[in-house]
Asker: 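Mind having a look at this structure? Questions to follow.
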Protein chains: 2
Amino acid sequence: MSAAATEPPVDRRARRREEKFARILHEAWALARRDGLAAISLRELADRVDLRQPSLYAYFESKLDLYDAMFAQAYRVIVDRFRAMPAADDPRDQFVEMVRLSVQLASEDIVRHQLLFQRTIPGFEPSDASMAIAYELYDFGSDIMRRAGLTTQAHFDMATAVMAGLAHQQVANDPGGDRWERLAEPTVDLLLASVRAKPGRPTKKGSTR
Amino acid sequence: MSAAATEPPVDRRARRREEKFARILHEAWALARRDGLAAISLRELADRVDLRQPSLYAYFESKLDLYDAMFAQAYRVIVDRFRAMPAADDPRDQFVEMVRLSVQLASEDIVRHQLLFQRTIPGFEPSDASMAIAYELYDFGSDIMRRAGLTTQAHFDMATAVMAGLAHQQVANDPGGDRWERLAEPTVDLLLASVRAKPGRPTKKGSTR
DNA sequence: GTCTATATTCGGATAGAC
DNA sequence: GTCTATCCGAATATAGAC
């Protein structure tokens, strides 16, 4: 409330700070893509944003804190991309589209995929605030799966495994291609067929091992 | 049985060297499990095997070379575990067992899984000799899948994605548990059901990598 | 093969002036 | 917020004696 016509200097400063922070994050991603996530050097990062290395500490408290900011930003991007999916009439189509998008997202930015879904940075643990963004994504995805007919925990677990697996194989064995991405549709139909075959009970009798 | 009664000193020395090298690898794994793969310190590794840090260079040429040795050893262990699987009469059962074993292997040693299946060490590329061991595993697994009825490239790709996904989810979201491991059986049946629904063109033997 | 000694470079982080 | 200066520790790797 109450933003003056001429923006108070405080807000301008805050905005400049945000812009600079965004630039820092941008260059951090660039370095991560070049050398690997774990190999980001604060010295080189500072160089790229025209700062001296100690000045970075005005923007984050430690290197792990930087990773946390990258983690949160990456999840925000992905949540936005999920929300931007065209709404499909058929829930099955929507499910297919989500799986396809997941593989695409992993494929188009491998280090992002590593930071979010593989725990590779020694000592890094996402903050609660960052995890909250992650949970947004899972809720959104769960809705889509539920609408497509998945009901049990086992259904969900199979579906998430399939999504993770397609993405992983795409990234690991056909980077830049679509060999696993194009399996999104048939794989979803596989899952849905099994749901329809034995609704609410995708596992055999005695399903707890 | 042709070893001389008095073993030649050359062979004894060679064996001692191998034993020491094995000890080095053992402790390297221990450090990786404690601190993460990327955080292995040659100083601490040397301490643990009663050497000074520079002496390690009598056993490998660089740190990346150490990772390569770990990579090769890990694949050898896994190949052995695959070969040690009890033979099942039903190829479908054999397939189930393989998927279950894959998830178990990832679950029981997460850093091994990371080194083999996630490219997380900056600059590390397995040597040709190490990759040869990896291919052994893929050939072995391909045979099992083929016998279970998978014929097309798409079948294989789906199956490998499912295996990778179950393992990943198990490791990432239920470490120490069996929430995804117990989905091995129903998931294999899912795959096989789709194969029976629309059988594809057979692939040539050994042509899947 | 193992040692001591050292080179070299780099890392993240802090103190304190402006 | 940004700087200079610096700390302190860590890292991998090499040289050369024994």
Side-chain angles (χ1 to χ4, degrees), chain A residues 7-28 30-32 34-71 115 120-125, chain B residues 7-28 30-32 34-71 115 120-125:
Chain A
E7 216 175 1
V10 177
D11 287 7
R12 262 216 304 273
R13 247 187 279 134
R15 206 182 37 183
R16 282 195 66 83
R17 189 191 155 85
E18 273 167 39
E19 282 165 8
K20 188 89 177 182
F21 189 58
R23 197 176 149 207
I24 291 171
L25 283 185
H26 182 81
E27 295 298 332
L31 283 177
R34 196 195 61 186
D35 300 330
L37 264 176
I40 293 176
S41 151
L42 296 189
R43 287 183 145 81
E44 192 172 3
L45 176 56
D47 276 352
R48 286 181 168 226
V49 297
D50 303 306
L51 285 178
R52 306 296 158 201
Q53 174 257 337
S55 304
L56 290 175
Y57 284 79
Y59 294 93
F60 44 80
E61 293 186 338
S62 72
K63 196 182 179 183
L64 291 181
D65 196 47
L66 169 64
Y67 285 123
D68 191 55
M70 295 171 74
F71 183 94
L115 179 61
T120 181
I121 306 289
F124 170 59
E125 203 74 29
Chain B
E7 217 174 0
V10 177
D11 287 7
R12 262 217 303 274
R13 248 186 278 133
R15 207 182 36 187
R16 282 193 68 82
R17 189 191 155 85
E18 272 168 41
E19 282 164 8
K20 189 88 175 185
F21 188 58
R23 196 175 150 208
I24 291 170
L25 283 184
H26 181 81
E27 294 300 331
L31 284 176
R34 196 194 63 189
D35 300 329
L37 264 177
I40 293 177
S41 150
L42 296 189
R43 288 175 192 282
E44 192 171 3
L45 177 56
D47 277 352
R48 287 180 169 226
V49 298
D50 303 306
L51 285 179
R52 305 298 158 199
Q53 174 258 335
S55 304
L56 290 176
Y57 284 79
Y59 294 93
F60 44 81
E61 293 185 339
S62 72
K63 197 182 179 182
L64 291 181
D65 196 46
L66 169 65
Y67 285 122
D68 191 55
M70 296 170 73
F71 183 94
L115 178 61
T120 181
I121 307 291
F124 170 59
E125 203 74 29

Asker: What's the CG-C1' distance between A:Leu42 and D:dC8, to the nearest Å?
Answerer: 16 Å
Asker: Is a side-chain donor or acceptor of B:Tyr67 paired with a backbone partner of B:Leu37 at a separation under 3.5 angstrom?
Answerer: yes
Asker: Could you tell me whether the phosphate oxygens of D:dA10, OP1 or OP2, come under 4.0 Å of any side-chain nitrogen or oxygen in B:Arg43?
Answerer: no
Asker: For the side chain of A:Ser55, starting at C-beta, report the closest nucleotide among C:dA15, C:dG11, D:dT2.
Answerer: D:dT2
Asker: Just checking B:Tyr59: base, sugar-phosphate only, or nothing, at a heavy-atom cut-off of under 4.0 Å?
Answerer: sugar-phosphate
Asker: Check for me whether the distance between the ring centres of A:Phe21 and A:Phe60 falls short of 6.0 Å.
Answerer: no
Asker: Would you confirm whether A:Lys63, through its side chain, and A:Ser41, through its main-chain N or O, come within 3.5 Å as a donor-acceptor pair?
Answerer: no
Asker: Rounded to the nearest Å, what distance is computed from the CZ atom of residue A:Arg52 to the P atom of nucleotide C:dC18?
Answerer: 18 Å
Asker: Mind checking A:Leu56 for me? I need base, sugar-phosphate or nothing, with any heavy atom below 4.0 Å counting as a touch.
Answerer: nothing
Asker: How many whole angstroms separate atom CG of B:Asp65 from atom P of D:dT12?
Answerer: 14 Å
Asker: When you compare the side chain of B:Asp50 with that of B:Arg23, does any pair of heavy atoms fall below 4.5 Å?
Answerer: yes
Asker: Rounded to whole angstrom units, what separation is found between the CG atom of B:Leu45 and the C1' atom of C:dT2?
Answerer: 15 Å
Asker: Just wondering, do A:Met70 and A:Ile40 contact through their side chains at under 4.5 Å, heavy atoms?
Answerer: yes
Asker: Atom CD of A:Gln53 and atom C1' of C:dA13: how far apart are they, to the nearest Å?
Answerer: 7 Å
Asker: Which nucleotide in the set C:dT4, D:dA11, D:dC3 lies at the smallest distance from any side-chain heavy atom of A:Leu51?
Answerer: D:dC3
Asker: C:dC10 C1' sits how many Å from A:Leu31 CG, rounded?
Answerer: 15 Å
Asker: Could you check whether B:Leu66 gets within reach of a base, just the sugar-phosphate, or nothing at all, counting any heavy atom under 4.0 Å?
Answerer: nothing
Asker: B:Tyr57 OH to C:dA7 C1': how many Å, rounded?
Answerer: 13 Å
Asker: Between D:dT12 atom C1' and B:Leu64 atom CG, what is the distance in whole Å?
Answerer: 11 Å
